[in-house]
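Since we're looking at a predicted model, the values are computed, not measured. Atoms considered below: every heavy atom in the structure, side chains included; atoms not considered: hydrogens, waters and symmetry mates. Below, read A as the first sequence line, B as the second, and so on, with proteins coming before strands; counting in each chain starts at 1.
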2 protein chains.
Amino acid sequence: MDDQLNRVFSALADPIRRDMVARLAVADAGVNELAEPYDVSLQAVSKHLKVLEEAGLVSRTRQAQRRPVHLEAEVFDLMTKWIERYRRQAEERYRRLDDVLAEMDADQTRPDERGAS
Amino acid sequence: MDDQLNRVFSALADPIRRDMVARLAVADAGVNELAEPYDVSLQAVSKHLKVLEEAGLVSRTRQAQRRPVHLEAEVFDLMTKWIERYRRQAEERYRRLDDVLAEMDADQTRPDERGAS
DNA sequence: TCCTTGTTCAACCTTGCGGTTGAAAGAACG
DNA sequence: CGTTCTTTCAACCGCAAGGTTGAACAAGGA
């Protein structure tokens with residue numbers, strides 16, 4: 001599960017792979033189609049796809065000689081959950097800090113009441 | 001803006017850096033504090049922090065000899081926006097596909113094979 | 001001033017990643 | 001069968017990333 005996060009984040013760390021995902025969100029495509037806009041070899045694109053596939057971001061089905069690539073959007077949830085979790089935590093922390101500051105401002109005789117560790 | 005995405009995604013591709021972010025969501029910390037749980041040198045941790053800082057994920061202020069590290073949660077938005085955009089696009093595409101299939105189903109001009117999932 | 005604590009710089013090593021080229025494998029079709 | 005189209009495997013190259021160690025820098029406190 002942590003490995004999955006490693007793979008997904010590093011898969012999307014590459015601009016070519018992000019662009020591929022962006023285009024696959026519009027329509028499935030074969031390797032040749034996908035490779036067309038980029039100035040790299042077909043083999044390089046094939047490698048990129050392998051990375052995306054191992055991250056669970058795309059799947060591939062055989063269809064004649066072609067192997068159409070299909071975006072699997074569920075994995076995105078893994079990332080958003082991770083991100084949102086810590087973002088919320090951080091925001092919550094700020095909120096509490098504001099409370100503490102406000103309390104210190106209003107009532108300076110009370111030391112500690114909420115024993116946050 | 002694309003560079004920013006590169007930096008943020010690859011910063012979070014490392015499990016140690018993700019863990020640092022997770023811990024910084026709870027409380028600010030100095031380098032020594034942060035380094036404690038990991039089995040690497042202080043210098044390695046310092047490098048990790050530099051990466052997080054260049055990605056805009058953390059900021060640092062001087063406070064006596066210490067340089068406390070502080071999580072900057074806003075950058076998360078950049079990622080979630082990117083992710084949500086394409087996830088929504090993909091989901092929209094499925095919805096339309098369902099419509100097409102429903103139409104094909106109602107309009108049975110081709111009683112062909114569609115034996116798969 | 002010297003010493004201590006906390007952090008970073010510099011040099012180096014090894015591994016992994018993105019790129020290349022060349023050859024091969026899978027599947028349709030003459 | 002052999003040809004053609006599409007995709008992948010294998011070997012290699014250059015470079016950046018993550019790790020190490022040793023020295024340096026920054027800022028109190030004795």
Legend entry - Neighbours of DNA chain D within residues 56-73 of chain B, by heavy-atom distance under 4.0 Å: B/Arg62, B/Ala64, B/Gln65

Inset, instruction - Can you figure out which of D/dG18, D/dG19, C/dC9 approaches the side chain of B/Ile16 most closely? - result: D/dG19

Legend entry - Least distance between heavy atoms, B/Ala29 atom then B/Leu24 atom: N-CD2, 3.9 Å

Inset, instruction - Mark up nucleotides 11-17 of chain D, 5' to 3', with B wherever a protein heavy atom is under 4.0 angstrom from a base atom, S wherever such an atom reaches only the sugar-phosphate, and - elsewhere. - result: B------

Inset, instruction - Could you pull out all residues at least two apart from A/Gln4 that satisfy side-chain hydrogen bond (donor to acceptor under 3.5 Å, both in side chains)? - result: A/Arg7

Inset, instruction - Enumerate the residues from residues 35-46 of chain B whose closest heavy atom to DNA chain D is under 4.0 Å, giving them by residue number; use none for an empty result. - result: B/Asp39, B/Val40, B/Ser41, B/Gln43, B/Ala44

Legend entry - side-chain N/O A/His48 vs C/dC17 OP1/OP2, d < 4.0 Å: no

Inset, instruction - Look at the side-chain heavy atoms of Ile, Leu, Val, Met, Phe, Trp and Tyr, link any pair under 4.5 Å apart, and say whether A/Val45 and A/Val51 land in one connected group. - result: no

Inset, instruction - Could you name each residue pair satisfying side chain to side chain donor-acceptor pair (under 3.5 Å) that touches residues 11-32 of chain A, not counting sequence neighbours? - result: A/Arg17-A/His48, A/Arg18-B/Asp2, A/Arg18-B/Asn6, A/Asp19-A/Tyr38, A/Arg23-A/Tyr38, A/Asp28-A/His70, A/Asp28-B/Arg93

Legend entry - side chain to side chain contact (heavy atoms under 4.5 Å, CB included) against B/Glu84, all qualifying residues, sequence neighbours excluded: A/Thr80, B/Arg87, B/Arg88

Inset, instruction - Say whether A/Val40 and A/Leu34 are linked into one hydrophobic cluster, either directly or through other cluster members, by side-chain heavy-atom distances under 4.5 angstrom. - result: yes

Inset, instruction - Kindly say if A/Asn32 contacts the phosphate of D/dT7, meaning a side-chain N or O under 4.0 Å from OP1 or OP2. - result: yes

Inset, instruction - Give a yes or no answer on whether the side chain of B/Glu33 reaches the backbone of B/Gly30 with a donor-acceptor pair at less than 3.5 Å. - result: yes

Inset, instruction - Under the side chain to side chain contact (heavy atoms under 4.5 Å, CB included) rule, collect the residues that match up with B/Ser41, sequence neighbours excluded. - result: B/Gln43, B/Ala44

If you look only at distance, which donor and acceptor atoms sit under 3.5 Å apart when one is on a side chain in residues 58-69 of chain B and the other is two or more places apart or in another chain?
unit_1	atom_1	unit_2	atom_2	d
B/Ser59	OG	B/Glu72	OE2	2.8

Inset, instruction - Start with the C-alpha gap between B/Phe9 and A/Val8, add the side-chain angles, then the distance that decides, and say whether side-chain contact (heavy atoms from CB on, under 4.5 Å) holds. - result: CA-CA 9 Å; B/Phe9 274 117; A/Val8 177; over 6 Å; no

Inset, instruction - Could you state the atom-to-atom distance from CG of A/Leu49 to P of C/dG19 in whole Å? - result: 12 Å

Legend entry - ring-ring contact (aromatic ring centres under 6.0 Å, His included) partners for B/Tyr86, two or more places apart: B/Trp82

Legend entry - Nucleotide C/dT8, atom C1' - distance to CD of B/Glu53 in whole Å: 12 Å

